[in-house]
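A short write-up of the structure that comes next.
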Amino acid sequence: QLQASGGGLVQAGGSLKLSCVPSERTFSVIGMGWFRQAPGKEREFVATINWSAGSPLYEDSVKGRFTISRDNSKNTGYLQMNSLKPEDTAVYYCAAVSDQFHSGRFHHTYSYEYDVWGQGTLVTVSS
């Protein structure tokens with residue numbers, strides 16, 4: 001129900017911008033988050049944004065390098081990734097907290113808080 005795009009192959013130090021948009025407007029977005037899963041590792045939280053306030057929250061390893069944002073007019077979320085490192089290589093998933101599932105938290109950092117998921121987009125950073 002979410003369409004994620006923008007992944008690809010980039011050299012270390014490069015940039016990519018991921019996009020995420022609901023394929024159907026059957027729910028309102030309360031929060032949107034990005035998670036990633038590297039080969040052989042568990043899925044981990046990357047960043048989240050409170051949709052109405054536009055307030056972001058980041059995992060420590062991406063602070064200062066990644067920027068999460070949203071465009072209300074396009075109902076689209078973004079993850080701008082700069083200064084990419086080989087350890088950023090992973091499948092990136094966008095997820096949304098819908099108004100039907102909202103727990104009341106301002107930021108959502110756990111995968112179980114999200115009820116709508118995208119298919120994932122692969123980001124590969126070469127050294």
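As a basis for the values below, the full set of heavy atoms in this structure was taken, side chains included, without hydrogen atoms, waters or symmetry mates. All figures in this text were calculated on a predicted structure; none of them were measured in a lab.
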Does F101 CZ have over 12 foreign heavy atoms under 6.0 Å away?
yes
Only pairs at least two apart or in different chains count here, so list each ring pair (Phe, Tyr, Trp, His ring centres under 6.0 Å) that has a residue in residues 69-94.
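Residue pairs passing ring pair (Phe, Tyr, Trp, His ring centres under 6.0 Å), neighbours aside: none found.
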Write out all pairs satisfying ring pair (Phe, Tyr, Trp, His ring centres under 6.0 Å) with one or both partners inside residues 13-35, taking only residues at least two apart or from two chains.
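Checked against ring pair (Phe, Tyr, Trp, His ring centres under 6.0 Å) - neighbours excluded - the pairs reaching residues 13-35 are F35-F45, F35-Y114, F35-W117.
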Among [options], whose side-chain contact (heavy atoms from CB on, under 4.5 Å) with [X] holds?
{"X": "I68", "options": "S55, C94, P56", "value": "P56"}
{"X": "R70", "options": "I49, V29, T76", "value": "I49"}
{"X": "R65", "options": "M81, K85, Q80", "value": "K85"}

Judged by modelled atom types alone, do D71 and S69 share a side-chain donor-acceptor pair under 3.5 Å?
no
Would S61 and E59 count as having a side-chain donor-acceptor pair, cut-off 3.5 Å?
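Short answer, yes.
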About how many Å separate CG of L2 and OG of S19, when rounded to the nearest 0.5 Å?
12.5 Å
Can you tell me how far CG of D115 sits from NE2 of H102, rounded to the nearest 0.5 angstrom?
11.5 Å
Tell me if a side-chain donor or acceptor on Q119 pairs with a main-chain N or O of A4 at a distance below 3.5 Å.
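Flag set: sc Q119 to bb A4 pair under 3.5 Å.
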By salt bridge (Lys or Arg N to Asp or Glu O under 4.0 Å) - contacts of R36 (at least two apart):
E44, D88
Transitive ILVMFWY cluster of F106, excluding itself - 4.5 Å side-chain cut-off
none
Transitive ILVMFWY cluster of V21, excluding itself - 4.5 Å side-chain cut-off
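In the cluster with V21 there is nothing else; it is isolated.
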If you take all heavy atoms of [X] and [Y], which pair is closest and at what distance?
{"X": "A12", "Y": "S127", "result": "CB-CA, 4.4 Å"}
{"X": "R105", "Y": "T109", "result": "NH2-OG1, 3.4 Å"}
{"X": "L9", "Y": "S126", "result": "CD1-CB, 4.4 Å"}
{"X": "G7", "Y": "V123", "result": "CA-CG2, 4.1 Å"}

Listed by chain and number, what are the ring-ring contact (aromatic ring centres under 6.0 Å, His included) partners of H107, not counting sequence neighbours?
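Testing H107 for ring-ring contact (aromatic ring centres under 6.0 Å, His included), a comparison that skips the adjacent residues, returns none.
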